[in-house]
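Scope of the values below: all heavy atoms of this structure, side chains included, with no hydrogens, waters or symmetry mates. Not measured: the values here are computed from a predicted model.
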Amino acid sequence: QESDCLTCPMGYYCEEASTEPTDLCDEGYYCEAGSTTAQQDPCPAGTYNAFKGAGSIEACADCPPGYRCAQAASAPDDCG
């Protein structure tokens, strides 16, 4: 029944019809509650996330000065 379904927790993704979290969200992405893929929401350009399992956009850190960060970056790129 639909009422028996649980929402996938933040930081994880749950493939369709799974009964428990499939795995952690990928680096460069975050997975809010209810995510269905490891790359549910990319960190925006100008930010990065080096860790698996981010649960919100707040996990996307600002790119440091002298570096660039494309969308879904898992590490800053040196501009030099």
Exercise. Apply the test side chain to side chain contact (heavy atoms under 4.5 Å, CB included) to residues Tyr13 and Asp23: give CA-CA distance (whole Å), side-chain angles for both, the deciding distance (0.1 Å), then the verdict.
Key: CA-CA 6 Å; Tyr13 69 98; Asp23 204 352; 3.6 Å; yes

Self-check item: Nearest non-hydrogen partners of Asp26 and Lys52, listed with the distance
Solution: OD1-NZ, 3.9 Å

Practice problem: Kindly say whether Tyr29 contributes a backbone atom to a donor-acceptor pair with the side chain of Asn49 at under 3.5 angstrom? | Solution: yes

Exercise. Could you tell me which non-hydrogen atom of Ala59 sits nearest to which non-hydrogen atom of Ala54, and how far apart they are?
Key: CB-CB, 3.5 Å

Quiz item: Taking the side chain as C-beta and beyond, is there a heavy-atom pair between Thr36 and Glu15 under 4.5 Å?
Solution: no

Practice problem: Please check if any side-chain donor atom of Ser56 sits under 3.5 Å from a side-chain acceptor atom of Glu58, or the reverse. | Solution: yes

Self-check item: Non-hydrogen atoms of Ser74 and Tyr48 that approach each other most closely
Solution: O-CD1, 3.9 Å

Practice problem: For residues Tyr12 and Leu24, determine if any side-chain heavy atom of one lies less than 4.5 Å from a side-chain heavy atom of the other. | Solution: yes

Quiz item: Are Cys25 and Phe51 close enough that some pair of their side-chain heavy atoms sits under 4.5 Å apart?
Solution: no

Practice problem: Would you name the heavy atoms of Gln71 and Pro42 that are closest together and state the gap between them? | Solution: NE2-CG, 3.4 Å

Practice problem: Answer whether the closest heavy-atom distance between the side chains of Pro44 and Ile57 falls below 4.5 Å. | Solution: yes

Self-check item: Check SG atoms, Cys8 and Cys14, less than 2.5 Å apart
Solution: yes

Quiz item: Short question: side chain of Thr37, backbone of Gln40 - any donor-acceptor pair under 3.5 Å?
Solution: yes

Quiz item: If you take all heavy atoms of Cys63 and Arg68, which pair is closest and at what distance?
Solution: SG-C, 3.3 Å

